[in-house]
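Residue numbers run from 1 in the order of the sequence given. Being a predicted model, the structure only gives us computed values, none of them experimental.
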Amino acid sequence: MVLQPMKYTTSQSNCADLEHAFKFYNDTGRDYLFSRIVREGFQSVEWNENDEELQKRCIQLGQSILIPMVETINKVGCGERITDDVQIRVKSLHTAGKFKNYLQRLGVEAVFEEPVKEDDQYLVRIKKLNKSTNDKTESIWKGDYW
């Protein structure tokens, strides 16, 4: 390869990534968060945005960061545990069991709901606990400092 590959993402993609990541603000790495925020700055300059366009980008970016974090803080404050909810489709329950064992070996705390049979597959919903964000948020609610 003569030229280094370039990654280009849309503002909507950056903000969607940040919205998900800031729900689990204490579990997501700085590099993941920071790179998406920096991309927004460079896009704004590249597109030579006027004040109105920049203001719109700022609002969208800020909402992507603050709204999910505030929702997390409120939920933990009410005693709820924050989970990353995902689902998988498998043809065999054996495959779902192997995936569950894999997550356990990684030290991932996850709750697997009962599989639901759909045609020739099983839908398995999984709630992955993001321990660091839950624990940090709870400790701050109890009066600890950042």
Side-chain angles (χ1 to χ4, degrees), residues 1-92 94-113 115-116 121-146:
M1 291 181 57
V2 176
L3 298 175
Q4 181 178 354
M6 178 174 62
K7 179 174 183 179
Y8 194 84
T9 58
T10 66
S11 182
Q12 290 77 9
S13 175
N14 290 331
C15 289
D17 288 350
L18 289 167
E19 186 174 348
H20 183 265
F22 271 98
K23 179 179 178 184
F24 312 106
Y25 67 91
N26 212 55
D27 287 282
T28 308
R30 177 190 178 276
D31 289 343
Y32 181 88
L33 301 170
F34 194 65
S35 65
R36 282 152 179 84
I37 295 168
V38 169
R39 284 181 202 155
E40 289 297 301
F42 275 92
Q43 275 186 3
S44 180
V45 170
E46 178 185 351
W47 293 357
N48 196 30
E49 290 181 337
N50 62 34
D51 289 343
E52 185 179 321
E53 292 165 329
L54 177 59
Q55 183 68 20
K56 182 179 176 187
R57 183 182 295 270
C58 290
I59 290 169
Q60 182 177 335
L61 180 62
Q63 288 175 337
S64 299
I65 292 170
L66 211 49
I67 289 173
M69 188 185 306
V70 168
E71 288 172 351
T72 289
I73 293 166
N74 282 326
K75 287 178 180 178
V76 171
C78 291
E80 188 177 330
R81 301 295 281 172
I82 303 304
T83 59
D84 197 357
D85 301 337
V86 297
Q87 60 186 26
I88 59 173
R89 289 186 185 276
V90 294
K91 289 190 177 194
S92 163
H94 178 72
T95 303
K98 287 175 71 173
F99 184 64
K100 184 176 184 177
N101 290 338
Y102 171 72
L103 291 179
Q104 288 172 338
R105 284 194 315 273
L106 290 177
V108 174
E109 191 174 333
V111 175
F112 282 64
E113 294 181 4
V116 176
Q121 298 179 336
Y122 293 93
L123 175 67
V124 183
R125 290 186 173 86
I126 306 164
K127 293 185 175 292
K128 181 178 138 301
L129 182 68
N130 290 71
K131 198 160 177 52
S132 181
T133 297
N134 278 290
D135 292 350
K136 184 63 161 175
T137 308
E138 187 175 6
S139 75
I140 292 170
W141 266 111
K142 291 180 179 178
D144 291 341
Y145 298 111
W146 178 260

Those residues that, when tested against [X], pass side-chain contact (heavy atoms from CB on, under 4.5 Å) (two or more places apart):
X: K142; answer: E138
X: E80; answer: K75
X: D51; answer: none

List the atom pairs, donor and acceptor, that lie under 3.5 Å between side-chain atoms in residues 101-108 and the rest of the protein, sequence neighbours left out.
from: N101; atom 1: ND2; to: G97; atom 2: O; distance (Å): 3.4

| Are there more than 12 heavy atoms of other residues, nucleotides or ligands under 6.0 Å from atom CD of Q12? |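 Enclosed.
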
| Does atom CG of N48 have more than 12 heavy-atom neighbours, drawn from other residues, nucleotides or ligands, at distances under 6.0 Å? |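 At most 12 heavy atoms, drawn from other residues, nucleotides or ligands, come within 6.0 Å of this atom.
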
| field | Residues in ring pair (Phe, Tyr, Trp, His ring centres under 6.0 Å) contact with Y122, at least two apart in sequence or another chain | value |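 With neighbours one apart ignored, the set is empty.
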
First locate atom [atom1] of [X], then atom [atom2] of [Y], and finally report the distance between them rounded to the nearest 0.5 Å.
X: K127; Y: E109; atom1: NZ; atom2: CD; value: 13.5 Å
X: D135; Y: N130; atom1: CG; atom2: CG; value: 10.5 Å
X: I59; Y: C15; atom1: CD1; atom2: SG; value: 12.0 Å
X: E53; Y: S44; atom1: CD; atom2: OG; value: 8.0 Å

| After noting the C-alpha distance and the side-chain angles of K23 and D84, does the key distance pass the side chain to side chain contact (heavy atoms under 4.5 Å, CB included) rule? | CA-CA 9 Å; K23 179 179 178 184; D84 197 357; 5.7 Å; no

| message | Tell me whether S139 contacts the main-chain N or O of K136 through its side chain, where contact means a donor paired with an acceptor under 3.5 Å. | response |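 Yes.
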
| message | For the backbone of I82 and the side chain of N134, can you confirm whether one donor and one acceptor N or O come within less than 3.5 Å of each other? | response |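 Flag set: sc N134 to bb I82 pair under 3.5 Å.
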
Quick one: are [X] and [Y] in side-chain contact, heavy atoms under 4.5 Å?
X: L66; Y: F22; result: no
X: V111; Y: T83; result: no
X: I126; Y: K100; result: no

What residues, two or more places apart in sequence or in another chain, satisfy side-chain hydrogen bond (donor to acceptor under 3.5 Å, both in side chains) together with [X]?
X: W47; answer: Y8
X: R89; answer: E118
X: N74; answer: none

| query | So which pairs with a foot in residues 125-146 pass ring-ring contact (aromatic ring centres under 6.0 Å, His included), sequence neighbours left out? | reply |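 Every candidate ring-ring contact (aromatic ring centres under 6.0 Å, His included) pair involving residues 125-146 fails, so no pair, neighbours aside, qualifies.
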
| request: Could you name each residue pair satisfying salt bridge (charged side-chain N to carboxylate O under 4.0 Å, His left out) that touches residues 55-70, not counting sequence neighbours? | output: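 Non-adjacent pairs meeting salt bridge (charged side-chain N to carboxylate O under 4.0 Å, His left out): E40-R57, E49-R57.
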
| task | Can you run down the side chain to side chain donor-acceptor pair (under 3.5 Å) pairs that involve residues 24-33, sequence neighbours left out, and say none if there aren't any? | result |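 For residues 24-33, and leaving out neighbouring residues, the side chain to side chain donor-acceptor pair (under 3.5 Å) pairs sorted by first residue read Y25-T137, N26-S132, D27-T133.
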
| request: With sequence neighbours excluded, give me every side chain to side chain donor-acceptor pair (under 3.5 Å) pair touching residues 60-73. | output: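 As it turns out, there is no side chain to side chain donor-acceptor pair (under 3.5 Å) pair with a partner in residues 60-73 once direct neighbours are skipped.
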
| request: Applying side chain to side chain contact (heavy atoms under 4.5 Å, CB included), run through D17 and T9 and close with a yes or a no. | output: CA-CA 11 Å; D17 288 350; T9 58; over 6 Å; no

